[in-house]
Amino acid sequence: MPRSRDRILKNLEVIYREAYDRAKAAGDQARMADLDAAYQREQLLLEVLLDIRDALTTGGAPGAEGRGEQAAGSDPIAALETIHRITKLR
């Protein structure tokens, strides 16, 4: 069973919070700014990956009905179609 979205994002926050607090204690303003930007970037990337994971595991891929009602998580072709649909530039 995959870890929950909240647990993953909380783990990310804990990791960055510890590093941020160390930089703050050392008075390293540049490191604090770098960590803040890195945290925001990592959080955004993680949320996108979690959205993709959720889309693949919910079975919401169109066309899956024609393959015996399989969910996208159990049908590799449906999973690829979902990834393609998510990443397709419009």
Side-chain angles (χ1 to χ4, degrees):
M1 173 149 204
R3 289 181 282 171
S4 73
R5 176 181 291 262
D6 289 337
R7 180 177 170 200
I8 293 169
L9 292 173
K10 185 160 245 2
N11 287 342
L12 176 70
E13 182 180 352
V14 166
I15 290 167
Y16 274 98
R17 176 63 54 199
E18 289 172 359
Y20 186 88
D21 289 345
R22 284 192 304 271
K24 187 175 183 178
D28 190 345
Q29 296 293 323
R31 180 73 177 142
M32 290 167 58
D34 287 345
L35 285 166
D36 186 45
Y39 172 74
Q40 291 179 41
R41 183 177 51 252
E42 293 290 327
Q43 183 181 30
L44 180 61
L45 289 171
L46 245 177
E47 288 177 357
V48 169
L49 290 172
L50 290 169
D51 288 345
I52 291 170
R53 179 192 72 176
D54 292 346
L56 292 174
T57 58
T58 59
E65 304 85 29
R67 286 188 277 287
E69 304 275 342
Q70 290 182 326
S74 63
D75 182 1
I77 300 300
L80 288 173
E81 289 171 354
T82 301
I83 292 170
H84 181 264
R85 195 174 68 252
I86 290 170
T87 59
K88 186 176 181 181
L89 295 176
R90 296 180 185 241

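Small disclaimer: the values here were computed from a predicted structure and weren't measured.
Contact detail for Leu35 and Ala23: the closest heavy-atom pair is CD1-CB, 4.2 Å.
The shortest distance between side-chain heavy atoms of Tyr39 and Glu13 falls below 4.5 Å. Looking only at side-chain heavy atoms (C-beta outward), Asn11 and Arg7 come within less than 4.5 Å of each other. With contacts defined as side-chain heavy-atom distances shorter than 4.5 Å, the pair Arg3/Leu50 does not qualify. Residues Leu9 and Glu47 are in side-chain contact: their nearest non-hydrogen atoms beyond the backbone lie under 4.5 Å apart. Between Asp54 and Arg5, the closest side-chain pair of non-hydrogen atoms falls below 4.5 Å. Between Gln43 and Tyr16 there is no side-chain heavy-atom pair separated by less than 4.5 Å.
Rounded to the nearest 0.5 Å, atoms CG (Leu49) and CD (Glu42) are 9.5 Å apart. Note: Leu44 CG to Gln40 CD = 9.5 Å, rounded to the nearest 0.5 Å. Here the CZ-NZ distance, from Arg17 to Lys24, works out to 8.0 Å after rounding to the nearest 0.5 Å.
Atom CZ of Arg53 sits in a crowded spot, with more than 12 heavy atoms from other residues, nucleotides or ligands closer than 6.0 Å.
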